[in-house]
Amino acid sequence: MQSERGRKFPEQFFFEHPHDKGSKISLKDFIELELPKILQLSSQQLKGAFKRGTIKFYSDYGLDAIQIRKSIGKIEAGTMICLGKSVEVIRGFPKIRRTLMLEPVLKKHFNSEIALEEKMNGYNVRIARVNNRIMAFTRGGFICPYTTKKANQLMDMEEFFNHHPQLIICGEMVGTDNPYVSQYYPEIGKLGFRIFDVREKLSNKPLPILEKRKLLEEYGLPPVRLLGIYDTHEAAGEILDIVRKLGEKDREGVVMKDPDMEIQPLKYTSSQAHASELEYAFSYPFDLGQAFFFSRVIREGFQSFEMDESDVEIKLRAKRMGESILYPMLETIRLIADDKVAAEDLVIEVDSPDEAEDFVRYLRSLGVIATVVEVKKGKAVIRRLHQSTSDKISNFLNGGLY
Ligand code: ATP
Ligand code: MG
């Protein structure tokens with residue numbers, strides 16, 4: 001999602017000097033003199049990024065920060081340099097590459113063992129304590145008011161952060177009352193959080209798998225499921241079976257990780273996950289169709305090949321794929337023909353109408369067209385419009401040429 005929330009740098013912004021207590025430093029000097037040392041980037045690189053708008057000043061929900069919009073060298077997009085009593089760097093969550101073919105990739109990529117975790121389908125959240133407040137950052141590095149509140153209700157993280165102020169909790173917000181990606185999980189229901197990584201501030205170094213799980217257990221914090229630790233040479237077949245079974249339960253897939261977390265993780269997803277993303281995308285074909293389409297179809301081709309499917313299984317896959325494209329599109333065309341608009345309703349839990357308005361303001365700041373439809377019994381229905389889909393379909397229905 002694109003955002004207008006981070007602002008351009010105010011020329012005159014001073015804050016407490018990171019090393020020289022009691023004295024002040026301007027934001028401009030901080031970027032030219034201090035930030036290069038902190039991020040191990042050149043002053044030149046940072047100045048250029050600032051000019052291009054790749055770095056923005058962020059000030060929201062009581063946090064002043066420098067937000068990295070696009071990756072610069074090793075520094076990931078979504079990195080936040082939080083400015084307060086001390087400077088704290090919350091690095092962006094690294095991209096996870098995908099395998100199309102498990103067998104050849106796993107042996108090449110991993111050491112002798114692979115830790116297999118379930119991949120949960122929700123949205124990525126980093127939680128850290130900054131300036132004595134526990135805050136939740138979205139992938140792009142925005143503080144999300146809803147997520148911050150819910151994460152703190154779902155988990156008691158005080159003690160964890162008291163003992164480990166330098167750690168960051170990375171996890172997935174999942175469930176049906178999820179304003180970004182709504183999916184039902186029987187063990188979660190409306191809203192839940194599952195932790196997949198614990199990382200260090202600044203270095204972004206993740207804890208090894210077993211150490212992470214032990215630490216989370218100590219503090220009663222909920223991890224994602226560890227599906228097993230496999231011998232790399234035997235893993236591909238096992239993983240194909242597991243992913244097939246996850247798919248049958250409409251679950252998304254797996255993330256394969258080096259038990260020591262020294263090698264980049266890889267992801268692999270189920271056919272049902274591809275279908276449900278196509279279904280979503282083709283409900284709003286002119287807003288999402290193109291961006292989703294090609295990659296999902298390619299995944300299906302390689303998965304069908306590697307699973308060595310029978311004719312019956314291939315037919316089933318083809319049917320699932322075709323239906324997930326055609327039916328939702330047709331439904332939307334009918335809707336527009338009926339003078340309605342392409343829109344999706346998100347449901348969130350709120351304590352007051354103001355909270356719903358606040359969330360909508362936040363969505364709008366990300367460039368999303370949304371309005372509050374109703375607030376009733378602690379639930380707010382928020383309608384998100386897919387404008388291009390409505391406009392284009394209506395144009396074609398009225399005789400426009402493609
Ligand atoms: P990318 O991570 O490549 O930018 P993306 O944002 O489209 O891709 P996904 O395709 O959903 O995201 O895959 C990566 C995401 O999966 C992670 O960013 C994380 O939010 C989520 N995830 C769910 N379960 C896990 C897990 N067990 N380990 C790591 N990530 C997980
Ligand atoms: Mg995801």
Side-chain angles (χ1 to χ4, degrees), residues 1-2 68-71 75-79 90-100 109-110 114-127 136-142 144 147 151 168-175 178-183 185 187-188 192-199 204-210 212-213 216 221-230 239 242-243 246-247 250-261 263-278 280-281 288 291-296 298-300 303 366:
M1 270 190 264
Q2 256 299 312
I68 312 283
R69 294 292 189 90
K70 286 188 192 147
S71 64
I75 305 300
E76 307 82 0
T79 297
I90 316 291
R91 292 274 290 272
F93 191 81
K95 268 195 92 57
I96 299 181
R97 304 279 308 265
R98 176 181 293 279
T99 58
L100 288 178
H109 187 84
F110 288 103
I114 296 172
L116 191 68
E117 285 184 356
E118 177 164 12
K119 182 175 195 302
M120 299 297 281
N121 187 26
Y123 62 98
N124 183 297
V125 179
R126 285 165 289 152
I127 305 173
F137 296 87
T138 60
R139 195 83 194 269
F142 295 89
C144 171
T147 312
I168 299 170
I169 291 175
C170 309
E172 199 86 346
M173 189 66 92
V174 279
N178 176 332
Y180 304 108
V181 183
S182 165
Q183 174 166 341
Y185 283 98
E187 75 276 28
I188 283 165
F193 198 81
R194 290 293 180 268
I195 299 167
F196 45 72
D197 275 2
V198 176
R199 291 173 176 263
N204 216 10
K205 192 170 157 28
L207 291 186
I209 301 290
L210 295 179
K212 163 186 79 180
R213 298 186 72 83
L216 293 177
L221 297 170
V224 290
R225 281 204 292 162
L226 177 65
L227 301 171
I229 295 184
Y230 296 91
I239 295 173
I242 290 171
V243 169
L246 287 172
D250 285 322
R251 300 177 79 105
E252 189 184 19
V254 295
V255 180
M256 293 150 277
K257 298 182 174 176
D258 169 27
D260 296 329
M261 287 299 279
I263 300 170
Q264 294 296 312
L266 297 175
K267 60 190 177 192
Y268 189 76
T269 46
S270 69
S271 178
Q272 288 79 358
H274 308 152
S276 89
E277 286 177 355
L278 284 171
Y280 174 61
L288 306 172
F292 276 64
F293 179 65
F294 190 68
S295 158
R296 301 325 182 266
I298 292 297
R299 292 176 207 169
E300 286 290 277
Q303 186 166 88
L366 300 174

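Along the sequence shown, residues are numbered consecutively beginning with 1. As the structure lists them, so they are numbered: ligands from 1, and atoms in each ligand from 1.
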So, using ring pair (Phe, Tyr, Trp, His ring centres under 6.0 Å) as the criterion, who are the partners of [X] when residues are at least two apart?
| X | value |
| --- | --- |
| F193 | none |
| Y268 | none |
| F292 | none |

May I have a table of the N/O to N/O pairs between ligand 1 and the protein that fall below 3.5 Å, each row giving the two atom names and the distance to 0.1 Å?
{"unit_1": "ligand 1", "atom_1": "2 (O)", "unit_2": "I96", "atom_2": "N", "d": "3.4"}
{"unit_1": "ligand 1", "atom_1": "2 (O)", "unit_2": "R139", "atom_2": "NH1", "d": "3.3"}
{"unit_1": "ligand 1", "atom_1": "2 (O)", "unit_2": "R139", "atom_2": "NH2", "d": "3.3"}
{"unit_1": "ligand 1", "atom_1": "3 (O)", "unit_2": "K95", "atom_2": "NZ", "d": "3.2"}
{"unit_1": "ligand 1", "atom_1": "3 (O)", "unit_2": "I96", "atom_2": "N", "d": "3.3"}
{"unit_1": "ligand 1", "atom_1": "3 (O)", "unit_2": "I96", "atom_2": "O", "d": "3.1"}
{"unit_1": "ligand 1", "atom_1": "3 (O)", "unit_2": "K267", "atom_2": "NZ", "d": "2.9"}
{"unit_1": "ligand 1", "atom_1": "4 (O)", "unit_2": "K95", "atom_2": "NZ", "d": "2.9"}
{"unit_1": "ligand 1", "atom_1": "4 (O)", "unit_2": "R139", "atom_2": "NH1", "d": "3.1"}
{"unit_1": "ligand 1", "atom_1": "4 (O)", "unit_2": "R139", "atom_2": "NH2", "d": "3.3"}
{"unit_1": "ligand 1", "atom_1": "6 (O)", "unit_2": "R139", "atom_2": "NH1", "d": "2.8"}
{"unit_1": "ligand 1", "atom_1": "8 (O)", "unit_2": "K267", "atom_2": "NZ", "d": "3.0"}
{"unit_1": "ligand 1", "atom_1": "10 (O)", "unit_2": "K267", "atom_2": "NZ", "d": "2.9"}
{"unit_1": "ligand 1", "atom_1": "11 (O)", "unit_2": "K119", "atom_2": "NZ", "d": "2.6"}
{"unit_1": "ligand 1", "atom_1": "13 (O)", "unit_2": "K119", "atom_2": "NZ", "d": "3.1"}
{"unit_1": "ligand 1", "atom_1": "13 (O)", "unit_2": "K267", "atom_2": "NZ", "d": "3.2"}
{"unit_1": "ligand 1", "atom_1": "16 (O)", "unit_2": "K119", "atom_2": "NZ", "d": "3.4"}
{"unit_1": "ligand 1", "atom_1": "18 (O)", "unit_2": "N124", "atom_2": "ND2", "d": "3.0"}
{"unit_1": "ligand 1", "atom_1": "20 (O)", "unit_2": "N124", "atom_2": "ND2", "d": "3.0"}
{"unit_1": "ligand 1", "atom_1": "20 (O)", "unit_2": "E172", "atom_2": "OE1", "d": "2.5"}
{"unit_1": "ligand 1", "atom_1": "24 (N)", "unit_2": "M120", "atom_2": "N", "d": "3.1"}
{"unit_1": "ligand 1", "atom_1": "27 (N)", "unit_2": "E117", "atom_2": "OE1", "d": "3.0"}
{"unit_1": "ligand 1", "atom_1": "27 (N)", "unit_2": "E118", "atom_2": "O", "d": "2.9"}
{"unit_1": "ligand 1", "atom_1": "28 (N)", "unit_2": "K257", "atom_2": "NZ", "d": "2.9"}

Could you tell me whether the side chains of Y123 and T147 share a donor-acceptor contact shorter than 3.5 Å?
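Result is yes, a qualifying pair exists.
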As a test of understanding, state which of R251, K119, M120 forms a side chain to side chain contact (heavy atoms under 4.5 Å, CB included) with R225.
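Testing each of R251, K119, M120 against R225, the sole residue satisfying side chain to side chain contact (heavy atoms under 4.5 Å, CB included) is R251.
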Can you give me the closest heavy-atom contact between G253 and L246, atom names plus distance?
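Scanning both residues, the minimum pair turns out to be O-CD1, 3.6 Å.
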